[in-house]
Asks: 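Questions regarding the structure given below will be posed in turn.
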Amino acid sequence: MEKSKIYLSSPHMGGTEEKYVKEAFDTNWIAPLGPNVNGFEASIESYLGASKNVAALSSGTAAIHLSLIILNVKRGDEVLCQSMTFSASANPILYQGATPVFIDSEMDTWNMCPVQLEKGIKNRMDAGVKPKAIIIVHLYGMPCNISELKRVADRYSIPIVEDSAEALGSTYKGAKCGTFGDFSILSFNGNKIITTSGGGAIVCKNVDLKNKAVFLATQARDQAPHYQHSEIGYNYRMSNITAGIGRGQMEVLDKHVGLRRDMNVFYQDLFATIKGVMVFKEPSSDYFSNHWLSCILIDEAIAGFNREDVRLALEEENIEARPLWKPMHLQPIFKNYAYFGNGVSDSLFRDGLCLPSGSNLTEEDRLRISAAIMNIIKKQTL
Ligand SMILES: *Cc1c(COP(=O)(O)O)cnc(C)c1O
């Protein structure tokens with residue numbers, strides 16, 4: 001019999017989600033507004049705990065797009081963006097007709113390197129262009145080096161869009177990821193730390209900015225009895241049905257963060273005696289990762305095997321593993337844009353692998369994973 005598939009990250013319901021969804025049916029709030037949308041937003045606001053105003057949207061990508069629109073990013077503008085990320089961080093720059101400039105990662109956090117960022121800004125300023133925004137990312141839940149990145153951004157007065165799609169529940173110096181940007185964004189896609197089946201949120205500094213985001217997300221209707229529009233609108237609001245799932249998921253968020261962190265400890269232990277394999281973890285006590293995904297870096301010269309050996313051996317056992325994000329400056333669609341870096345994200349992509357990390361993995365799943373890994377080690381050392 002074929003073994004069931006072990007996924008990198010799959011949805012994990014807490015139990016009360018259906019109750020909120022049923023309430024929406026019972027009260028006929030089957031619309032992109034209603035008590036679940038308000039309740040979900042309120043629970044995120046209280047979780048983030050930094051007097052922020054949150055608007056629930058149809059996706060994290062929509063949240064990045066609205067952030068750039070409100071920051072007035074237009075055709076011909078330039079936006080700096082972490083190169084090593086999911087393409088959804090960068091695509092909205094192109095939706096606006098603006099030009100991305102990609103920045104390499106640092107080895108400690110795998111996120112944007114403050115030195116390369118400043119190099120990029122100086123280069124663009126010398127060319128007479130002031131970048132309109134900086135998109136920073138917390139990959140795999142690991143907070144980026146926020147203090148240094150903010151210092152650079154503030155020095156040149158460039159606003160930050162914080163892509164916290166993977167980092168709900170992570171903290172940096174005690175403050176929650178999702179509270180650091182001029183705008184921050186969250187994602188509740190099916191594979192994220194909590195899910196609404198699909199959805200996202202924009203985190204704003206005040207209620208006026210939230211109202212602006214909601215206005216744009218609901219087709220930009222002017223105050224009038226008829227439909228009247230003086231700006232381009234979008235259909236980006238979250239539905240009251242999916243928001244019900246989100247309310248239930250917020251009740252188990254911290255528990256699920258704990259379980260993902262346990263998976264990271266499991267991998268730390270599994271690879272502790274295996275030379276040439278490093279399990280990615282926090283560089284210092286300033287950082288607290290939700291460990292959305294646990295990842296390894298393999299030094300082939302020492303380990304005697306590479307990430308493809310591990311990925312394919314796991315695939316053989318019906319266990320999903322995936323190379324790290326392929327940097328944007330290496331992507332066919334983005335390859336002609338400027339890039340500032342010195343090879344860090346290239347080497348992470350070459351040597352790195354994401355491993356099954358879900359909060360719902362069982363003891364049996366763990367046994368299958370460790371058996372498959374041990375098998376590779378045995379083969380390589382024969
Ligand atoms: C998932 C993700 C997004 C996009 O979120 P969606 O809700 O899927 O649109 C953006 N950035 C990063 C880093 C992500 O992982």
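All ligand and atom numbering here is 1-based and tracks the order in the structure. Computed from heavy atoms alone, side chains included, the values below leave out hydrogens, waters and symmetry copies.
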Asks: In terms of side-chain geometry, is the basic nitrogen of D126 or K122 positioned less than 4.0 Å from the acidic oxygen of its partner?
Replies: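 Salt bridge between D126 and K122, a charged N being under 4.0 Å from a carboxylate O: no.
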Asks: Any N or O on K192 sitting closer than 3.5 Å to an N or O of ligand 1?
Replies: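 Between K192 and ligand 1 (N or O atoms, distance only) the closest approach is under 3.5 Å.
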Asks: Provide the number and element of each atom of ligand 1 under 4.0 Å from a heavy atom of S89.
Replies: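 So the atoms of ligand 1 that pass are 11 (N), 13 (C).
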Asks: Using a strict cut-off of less than 4.0 Å between a Lys/Arg side-chain nitrogen and an Asp/Glu carboxylate oxygen, indicate whether E308 and R322 qualify as a salt bridge.
Replies: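 A salt bridge is absent here (no side-chain N lies under 4.0 Å from a carboxylate O).
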Asks: Please indicate whether any nitrogen or oxygen in A88 is less than 3.5 Å from any nitrogen or oxygen in ligand 1.
Replies: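 Min N/O separation from ligand 1 is not below 3.5 Å for A88.
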Asks: Give a yes or no on whether I232 atom CD1 has more than 12 heavy-atom contacts from other residues, nucleotides or ligands under 6.0 Å away.
Replies: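 For I232, atom CD1 is not crowded (no more than 12 foreign heavy atoms under 6.0 Å).
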Asks: Taking only heavy atoms of S59 into account, list the atoms of ligand 1 that are under 4.0 Å away from them.
Replies: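 Close to S59: 7 (O), 9 (O).
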Asks: Looking at N189, which atoms of ligand 1 are within less than 4.0 Å of one of its heavy atoms?
Replies: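 Heavy-atom distances to N189 below 4.0 Å select 8 (O).
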Asks: Can you list the ligand 1 atoms lying under 4.0 Å from a non-hydrogen atom of A165?
Replies: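 Within the 4.0 Å cut-off of A165, ligand 1 contributes 2 (C), 3 (C), 10 (C), 11 (N), 12 (C), 14 (C).
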Asks: I'd like to know if K210 pairs up with E41 as an ion pair, taking the criterion as any Lys NZ or Arg NE/NH1/NH2 lying under 4.0 Å from an Asp or Glu carboxylate oxygen.
Replies: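 Counted as a salt bridge, because a side-chain N and a carboxylate O are separated by less than 4.0 Å.
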Asks: Suppose I only count heavy atoms of S187 and a 4.0 Å limit; which atoms of ligand 1 are within that range?
Replies: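 Those qualifying, in numeric order: 1 (C), 5 (O), 6 (P), 7 (O), 8 (O).
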Asks: Is the closest basic N to carboxylate O distance between K192 and E166 below 4.0 Å?
Replies: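 Between E166 and K192 there is no salt bridge, as every charged N stays at least 4.0 Å from the carboxylate O atoms.
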Asks: What I'd like to find out is whether the side chain of D351 reaches to under 4.5 Å of the side chain of R307, using heavy atoms alone.
Replies: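 Side chain of D351 against side chain of R307, heavy atoms only: no contact under 4.5 Å found.
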Asks: Please identify which atoms of ligand 1 are closer than 4.0 Å to at least one heavy atom of E166.
Replies: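 Checking each atom against E166, I get 12 (C), 13 (C), 14 (C), 15 (O).
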Asks: Near G60, which atoms of ligand 1 are under 4.0 Å from a heavy atom of that residue?
Replies: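 Answer for ligand 1: 5 (O), 6 (P), 7 (O), 9 (O).
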